[in-house]
Every structure is written in C-alpha cells, then in structure tokens.
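Structure, as structure tokens:
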2 protein chains.
Amino acid sequence: MRSETRARVEKVARELNYRPNLAARSLASARTSYLGAIVGDVTNPLQAQIARFAAIEAEAQGYPTIVSLDADTDEKAEHALESLLAHRVAGVILIESPYEKPAIAKIAQRIPSVYIGRLLKIVDIDSVTTDHVAGATSVVDHLVAQGCRRILHVGGGASPGAERMRQGYRAAMERHGLNDEISIIEAAYTVDSGAQAGREIFDGVRPVPEAIFVCNDLAAIGVINVAARRGIPVPDRVRVVGYDDVMLAGTETLSLSTVNQPAHELARKGVSAIVHRLKHPETPVSKQLVAPELIVRRSSTSPLS
Amino acid sequence: MRSETRARVEKVARELNYRPNLAARSLASARTSYLGAIVGDVTNPLQAQIARFAAIEAEAQGYPTIVSLDADTDEKAEHALESLLAHRVAGVILIESPYEKPAIAKIAQRIPSVYIGRLLKIVDIDSVTTDHVAGATSVVDHLVAQGCRRILHVGGGASPGAERMRQGYRAAMERHGLNDEISIIEAAYTVDSGAQAGREIFDGVRPVPEAIFVCNDLAAIGVINVAARRGIPVPDRVRVVGYDDVMLAGTETLSLSTVNQPAHELARKGVSAIVHRLKHPETPVSKQLVAPELIVRRSSTSPLS
DNA sequence: CTGAAAGCGCTTACAG
DNA sequence: CTGAAAGCGCTTACAG
C-alpha cells in the first residue's frame, strides 16, 4: 500500500472512530496483551491504591488490565479467575486475594501470577510485599532516639504481616538492650480493636508506657481516642506511632507518626514481576520485599521531661 | 448429539478446565454481554463501594464488568473509554468520572451509559444519585427535634451535591421558622478543610452554635478535632452531624451521627438502568434520586440543658 | 432435532 | 515490499 493511501485510510479510520476489535485480534494472534487483577477489598485504602497504581503501571507497560473487584472470599476469587481466564488474560495480579495458600497455589499453577501484599515463602508464586521487620525496626529506633525506653507494641494478632512486625519490634528492642521493656498487647486492624487495647493500656494497673507502636493507623486512632478521653495528652505524656500512612494520618489535627507502605512501589514491582515472567517464562520465582518509610509527625515527637 | 454423548463431552470439558473463548464468542455473535465501568477515584471509600457493588450486581444480572481504575482526569476517562470500546463492552457505568458535562455527553452519545453520583439534569444520560435535599432535611429535622435552633451548616462549596445540600438545609430551617438562624460556612470534603471551618466557628466572635451540620464525615472529623482541642465537648456543648457514613464514623470512640449514602442501592439502580436500556434501547432517559438514611449516633444526641 | 458450513474481524505465514 | 489466503474458536442460519 502506498504511504499516501495509508495516510488516507488512517484519516478516515480516525473520522469514523475506528477501533480495532480486540476480540478478533486476540483470536487471530492466539495471545492477548492484557492482564487481569483480582482485588480482595477495594474498600481498604491501601488495596485501592495498589489496584489503581497497578492498573496505571500495567497500562504503561503495554498491558491494559481488567480488574475484578468482587473477591472478598476465596470462592469469589476463584470465580473471578474463571472470568479472567475466559477473557484469556496473559496473567493475573493478585491483590490480597485469595487468602488461603492452597487457593493461591491453584491459581499460580494455571496462569502466570504475582501476589501483592504477602511474602508467601512456601507458595510457588512471585510475590511483593512490604518489609514489616524493617518497618517495625525503624519505629523502635525512632522512639528510642526520642529518649523512650518503655515502648509497648499493639500487635495485629494473626493478620497478614503482624508476625513479622512483632519480630522486628522484638529484635530492635533487644538490640537497644531493652529486653525487659518488651511488652505486646494483641489487637486487630480496626479502630474499635485499637480502642479496646487502649483501655487495657490506660485503665490497667501497669504504668502508662512512654510510647506505643500500633500495628496499623486505624487501631492507633482507637488508642489515641481513648487517651484523649482519659485526659492523657499525645504526644506529651505518651507517644504513638501507627502503620500504613492512611490518608487521615497526615491531617493536621491528628498528625499521626506512621510507617508508609509504598503502594506505588508495591504495584510497580508487582507489575514488573509479571511482565518479566510473561516475556521470560523460565525466570526463577521472586519474593520481593519493599522498604517502608517512617513518617514522623507530631504524635511521636515530644521530648521526655 | 445424544444426551449421553453430551454428558461425556461436558465431563471431559470440565476435567480439561475448558472455558469458552470469549473473544471467539464475541466475534461470532457480534455482541458482548459485559459492561465497562470507569471509576474516578477508587481511593474514595464511597466510590470504591459503589464500584464494588456495581460489579457484583452487574455480574448477577448476566453482565460481568471490566473496571477501569485510572480515570481521575477527563482525559484519562476518555482514554479508559477507548480501551473499553476496543473490548466492545455493551455499555458503560460512569462512577464520578468524567467530571465535565461535555465529556460526559460525548461518552453518552457513543455508547449506552449511566452516571452514578450526579443528577445531571442537562446531559442526555441516565443518572442515579443520592437525594441531598432529603438528606439535609432529615438532619435539620433531627437536630430541631433535639431542641436545637442555632444550627450551622458547613457547606461543601462547589463540590458535587453541595448546592442541593445547602438548598435542603435552608428550606428545612425556614420550614421550622428558623430563618434567622440560617448560617453557612463553606469548606470542602476533607478533614483539614473541616478543621479550618472549626477554627472559624470556635475561635470567632460569634457564640458557638448548638449544632453543626457538616457536608461530609471527613470535614466533620476536622470540626470535632478542633472542638476537642478547645475543650468544647461533643455532643454536650455542641452537636455534630456529618454526611456519607464512612467506615470510621460508626466506630465506638467517634460515634458520629451522619447521613448514609446507600452505595449498594446507587449501584443497583445504576446497573438496572443500563441493563434495561440495553434490552430496551428506546427507553426515555431516567434521572433517579435515592433516599439517604439518617444514622443517629452519640455526636448529636445530648439534650439541651 | 441434528450436523455441516459460512462467517465474525483480525493476524500471520506465504506466494508473488 | 505487497497482497491474497488461511485460520483463530466460536455462533448462527440453513440444509437435511
């Protein structure tokens, strides 16, 4: 075809709003260049951000992404996968879903996959997650630098990541010679659960600690609310550090010190992992840890008097 | 084919994890039975919920949905639409994106569409949104029933829905004979903006109002935070009502009275509208208003002394 | 009712 | 380099 003819064709195509039919293309070429993503709970701010960044990043790397938002149980996640497979996606990005390891493994052996949000040492799948040991360590180091010794940890119980956070807390405390000050109260990743822990802390027989490192921001808000009601000033009397860096944490009136989970980087690394695997299927499985960043705000920055 | 043969085929198909190729089906039948959804900001809890419910509801009605998460500008929304059109979706669900009316109209005239989150009287498109006049009315009625007269409104400025909320507030105040008590401070849908309004209210020369109706929960949290710092007890000294019913609002330590925007119903009505239009293309354009529900919690329920 | 054939809109390998 | 032909995996209309 002469280039002049080509130009005319392209012009008309544009005028008619022509878009190549992806179905025909996919059928003819026997492959697709889009990905699927399964999100456990878009209502969770971190997951929503990861999903959004992943979609943007994948698109930028030439893989538009079909997102499935209804996967808050493992059954639904499997159903979502079936639908994505029917669309013949090239691979899938799993964002905190499914939950059980066998369900994850089952998906991983059917289609190239990457899991964002858990380490998954045992399952044979690429994974990317935040280094919670490093996160907890940075919090303890910061609080010690503020002069604190009695640093209590409100742990996340059996929630994903909580165990590694506890490990980091304990190791850092020991490194600072604070073995005797190690103290953990278990909670969950919610405001009410944090408030419950707060009541244990402030209404108990033990003296109020100098600082509290809480497993996530919502629970930290619960702790702070209880402190406020008891007339215990934060940070003057007790310093509080959260985890996640949700939107509310940075607001002027709360000003909560916290550990930022880098949603953008998690998404970017996850997408890169799967894109790389699609291009080089024999790549060994990778387990990536992303370093979180300590965000110091007012809630943890009052010198000890 | 004998039914016995059919049964054997189906059995083998299941064993081989056979999934019909949607691309081939779409190509052969010249139509698709899935929808597209464009979400402005999944990071917003209400939008995330609407998106999730819409995906669930559409799937239930036989239209699996491809969600596009990267549409926080009108240009990106248009780009997302192009991608959805390439997938030959049957219709699209617009969730607070795009923003400008011409951009919305442009999409509506290319493909069956429904807009969730704005009334859009002028644009020729099905729409579903919360009835903010009714929401504001229910708040004022509730506060008046609590014995309040000096009810201040922190408005949402030029944000979507804010004008109708102001209308509802004014009309309800007038109906209660409280014309002289009408007082509005403009803010935006954020905690910091609410805190700014809170400083105007509590540090100003005017007496603190008996109640404050804030345009959204985040801004209400800002107002309450400032009150707490000034030692002004909520609800004993001032009653506060928010809007949206975000997750944090119901937590025990905040217990914020608010107006629930029914994400589920918005999603369901939106999906029904587009599914109906796909089956009956000549249906007249519908503009649906969904009634919100007042949620009374502690922040607004202290009798006047 | 059953089964073989045509065709959807592309890509790809191949003949010219 | 260019262009015609075959074929991707389904659905549909049609002949038997």
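The chains referred to below are lettered A, B, ... by the order of the sequence lines, with proteins before strands, and numbering in each begins at 1. What you see is a predicted model, and the numbers here were worked out from it, not measured in a lab.
- Rounded to an integer number of Å, the gap from A:L85 CG to D:dG9 P is 16 Å.
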Dot-bracket, DNA chain C: Watson-Crick or G-U, under 3.5 angstrom, [ ] crossing, | other strand?
|||.||||||||.|||
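- Counting to the nearest Å, the P atom of D:dG7 and the CG atom of B:N21 are 18 Å from each other.
- For A:D70, the salt bridge (Lys or Arg N to Asp or Glu O under 4.0 Å) partners are A:K76, not counting sequence neighbours.
- Residues satisfying the salt bridge (Lys or Arg N to Asp or Glu O under 4.0 Å) criterion with B:D217, sequence neighbours excluded, are absent altogether.
- Listed pair B:Y18 / D:dC10 meets the phosphate criterion, a side-chain N or O lying under 4.0 Å from OP1 or OP2.
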Can you list, pair by pair, the side-chain donor-acceptor contacts under 3.5 Å of residues 45-55 of chain B, counting residues two or more places apart and other chains?
| residue | atom | partner | partner atom | Å |
| --- | --- | --- | --- | --- |
| B:Q47 | OE1 | B:D41 | N | 2.8 |
| B:R52 | NH2 | A:D72 | OD2 | 2.8 |

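- Between D:dT12 and B:R31, a contact under 4.0 Å exists linking OP1 or OP2 to a side-chain N or O.
- Taking the side chain to side chain donor-acceptor pair (under 3.5 Å) definition, one finds that A:H264 meets it with nothing, sequence neighbours left out.
- Residues forming a ring pair (Phe, Tyr, Trp, His ring centres under 6.0 Å) with A:Y115 (at least two apart in sequence, or on another chain): none.
- Side-chain contact between A:V285 and A:R277 is present, with heavy atoms from C-beta onward closer than 4.5 Å.
- Closest approach to the A:S29 side chain among C:dT11, D:dC10, C:dG9 is made by C:dT11 (side chain taken as heavy atoms from C-beta onward).
- Taking the side chain of B:R25 as heavy atoms from C-beta on, and the options D:dC10, D:dG7, C:dC8, the nearest nucleotide is D:dC10.
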